[in-house]
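Chain identifiers are assigned alphabetically (A, B, ...) following the order of the sequence lines, protein sequences preceding nucleic acid strands; residue numbering begins at 1 within each chain.
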Amino acid sequence: MTNGKPKIVVVDYGVGNLQNAVSAVALYANVSLTSDAEEIREADGVVLPGVGSYPSGMDGLTKRGLIAPILDVVRRGVPLLGICLGAQLLLEKSTEFGETEGLGIISGNVVRFPELSEDAKIPNIGWRPLGITEEGKDSVLLDGVPDETLMFFIHSYVLQPADKKAVLATSEHGGYTFASVVRKDAVFGTQFHPEKSGKLGLRIVENFVRIVSR
Amino acid sequence: METGMYGLPLDVKFCTRCVISNQRPRSTVEFKSTKDEKKETVAFGSDGVCDACRYAEWKKTKIDWKKRENELRALCDKHRRSDGSYDCIVPGSGGKDSGFTSHILKYTYGMNPLTVTWAPHLYTEVGWKNFQNWMHVGGLDNILFTPNGRVHRLLTKLAFQNLLHPFQPFIIGQKYVAPKTALHYKVPLIFYGENQAEYGNKIEENDKPTMDERFFAQDVTLDELKLGGVSAAELIKEKKIFPQDVSPYLPAPKDEIKKLGVEVHYLGYYLRWDPQENFYYCAEHTGFQANSERTEGTYSKYSSIDDKIDRFHFYTTLIKFGMGQASHDASQEVRNGKITREEAVALVRKYDQEFPKKYFKEFLEYVDIDEGTFWKLIDAGRPPHLWEKKNGEWILKYQLA
Amino acid sequence: MAQNKIVRVLSRLDIKGPHVVKTVHAEGLRVVGEPRVLAARYYEAWVDGIIYMDIVASLYEREFDFEQLKRVTEGLFIPLTVGGGMRSVSDIDRALRSGADKVAINTHAVYNPPLIEEAAKRFGSQCVVLSVEAKAVGEERWEAYTEGGREPSGKDVVEWVREATARGAGEILLTSIDRDGTKKGYDIDLIQAVRAASPVPVIAHGGAGTVEDIVDAVLATDAKAISASTLFHYDLASVGEVKRALAAAGVPVRL
């Protein structure tokens, strides 16, 4: 911690769209964008952003030797926030472009949206309301975020955690409900992009920083 | 000073601000044009800046446009008729420039213009549509003068063969249709859009609102009148045209012009002239539509789009002076602050030398020349100080940088 | 709840150098504002996304200015689609790293359709937007144009959309050249035809002159995303006014 603010790293593992994540965290904490294992190990909190395909995500982490440090910090109870692809990588595996193993931090899989109605196109792109669950209502992460708040989603694959209790919020597309916020201990995942969801999205980032500061 | 073909300077220089070169001729009294005449070219200052850019700079900073507009209002007040008769003549095609000029005079300055059009050789679809919309959407009255097609084609053919300047008869006819219409309707005030200095004439000529009379009123004999480089007298003698066919190409007689007190004013003297803004204005007010695709030889979609033959006008300027339509359009847009010189250079390099394939066949048919002869004439018209042949291909010796 | 049908209201910035410009029929370069100022204004007004397009990069054959993009979009926490002169996967990568969520490609997708697949494989379909500039060429037929609306591609818009989405494009940014800058309303037929042919979301653009134009287009086509330039840049209506009008017409929007 420096100047009263925690040090949070945003992991750069070669899958784009990091600027907003970094800027959002920078509003509340000392942030650095890194692919350095040591820096990750020493951080007070970790953000795993990500846009892209599952295999390229895991590939990116592997190539940079980041899987071990991430699992390490999680083991030590350091808070971690996965965003979009980053959230998906937290699960055990995905069926995007064949089967790929994930980090396995949260049990469950990542699968493609099933065939939906004419109206509901895939990818799911747009603002969708969060249906906050009982677990979600108590969570610090969603503090100050009203039920039905709209967040920005852009994905073709969904989180299917094995444990219902791991789901803090669900959302819906084409009549199909999926997990939009998941948690296991101090590890969180949002399918949507809080750094792209306006002021209330920033609230979630702020809440994460609060969790890191505890 | 030794000069090259067409009397052009041998030493090729490009303006440091826009992208024209010192090979660009100034406007001439077209009906005097002959094969061997030497062209007067646009002047460059010792700082490498061309007169047109210098004028554009001066226009931006030195002119009190409020004052100029008041002068326009005074001029309009003097001529305005409220008895329903026309009080000014606006020549043009219904493109962005004449569209702007005629519409603003009518709807902002309360004049009653009669627009007059010298028909394009061959209307394009978009040109015809814009011409119609000028009247139907813009709300203007128009007289369309279509010259005897057989004569016009013959003259265009001669102009191409003798001068490599197929547009010459068109330019002649178009220039005189307004003053002659003015005489016919007894309307002494004519408004053109822009002063040719916008395109590189002497700056001194720009500082007045009116066009010099010698450009539109002359007493000329049939011997003196050269059409396509041949005197009208000779054409008549050889029975190529009837005596009465000459009339559309004759300038207005001096004494009648004087008697009526005909004046040609440039709207661009009174209002800050910006062709691109004219486009926006016309898109809004006269139903003007840009072409769907860019014009061959340039990047623009709204400049000179009504005549299929127009491409060959610019193609011949490329051959004779090394500059095509892209150079023309880009230079203008640099002067008006729309694009930077760098961007202009990129556009000129990309499009200036593009051959206008689309209407090539129609052009050949129109001027009744076969393809072989076309290329022979073109190649014979390339000044050696501008072009050289490398690996069987003609390339410009001096490329814009 | 029909919240799933939230309609996104987007603003599009056509960029030339340091300016936002506004065309009519994809022609003209009239400057209408500064990118940062306009983008921030729309963000504060709760616009649902910004579309940032360099409309001369392909025409002038020059590089997209990524540094400017970063400067303009710093601190705007809403989705950003970026396009203009994107030639290769590495350009797209750079755009994503500079803050884009999605990258729009047109000219180079037409010249090199496998680029779509390459990009979708590398970044995911959700990042790849096909930008289509459509010009009517007959009854219910439109042709796709490239290079800033200057070159006819020979491709039928509906067929091209089918092909591009099969190759992996995840969204379509559909602009009507005929309506662009005219304030005459959207090309409803065009939007409907493309929506019917596209398995992915379609953003409708081109022609909005009033708030009613937007409401009419959304109601008539059921489009889930609608974008405007002239309407917002010339301050003919605000983002808020548009959203409130949509809400009043029964269309779910993010307020």
Restricting to non-hydrogen atoms, name the atom on C/Thr23 and the atom on B/Tyr280 that form the minimum distance, rounded to 0.1 Å.
CA-OH, 3.8 Å
Tell me if a side-chain donor or acceptor on B/Lys301 pairs with a main-chain N or O of C/Ala26 at a distance below 3.5 Å.
yes
Chain C contact via B/Lys350 - which portion, at a heavy-atom distance below 4.5 Å
side chain
Is it the side chain or the backbone of C/Glu143 that comes within 4.5 Å of chain B heavy atoms, both, or neither?
neither
Determine whether more than 12 heavy atoms belonging to other residues, nucleotides or ligands lie under 6.0 Å from atom CD of B/Glu362.
yes
For chain C, which residues from residues 283-294 of chain B have at least one heavy atom closer than 4.5 Å to it?
B/Ala283, B/Glu284, B/Phe288, B/Gln289, B/Ala290, B/Ser292, B/Glu293, B/Arg294
Structural part of C/Lys22 lying under 4.5 Å from a heavy atom of chain B
backbone
Quick check on the interface: out of B/Arg349, B/Glu342, B/Glu277, who has the most heavy-atom pairs with chain C under 4.5 Å?
B/Glu277
Using a heavy-atom cutoff of under 4.5 Å, enumerate the residues of residues 148-156 of chain C that contact chain B, numbered in order, or state 'none'.
C/Gly149, C/Arg150, C/Glu151, C/Pro152
Applying salt bridge (Lys or Arg N to Asp or Glu O under 4.0 Å), run through C/Lys16 and B/Glu343 and close with a yes or a no.
CA-CA 11 Å; C/Lys16 175 184 178 296; B/Glu343 293 165 348; 2.8 Å; yes
Within this structure, what is the NE2-CZ distance for the pair C/His25 and B/Phe279, rounded to the nearest 0.5 Å?
7.0 Å
Which portion of C/Tyr60 sits near chain B, non-hydrogen atoms under 4.5 angstrom
both
Compare every heavy atom of C/Leu29 with every heavy atom of B/Glu333, then report the nearest pair and how far apart it is.
OE1-CD1, 4.5 Å
How about B/Glu69: does its CD atom have over 12 heavy atoms from other parts shown lying under 6.0 Å from it?
yes
Mark yes or no for whether B/Tyr302, through its side chain, and C/Glu27, through its backbone, hold a donor-acceptor pair below 3.5 Å.
no
The interface call for B/Thr295 against chain C, heavy-atom contacts under 4.5 Å, is neither
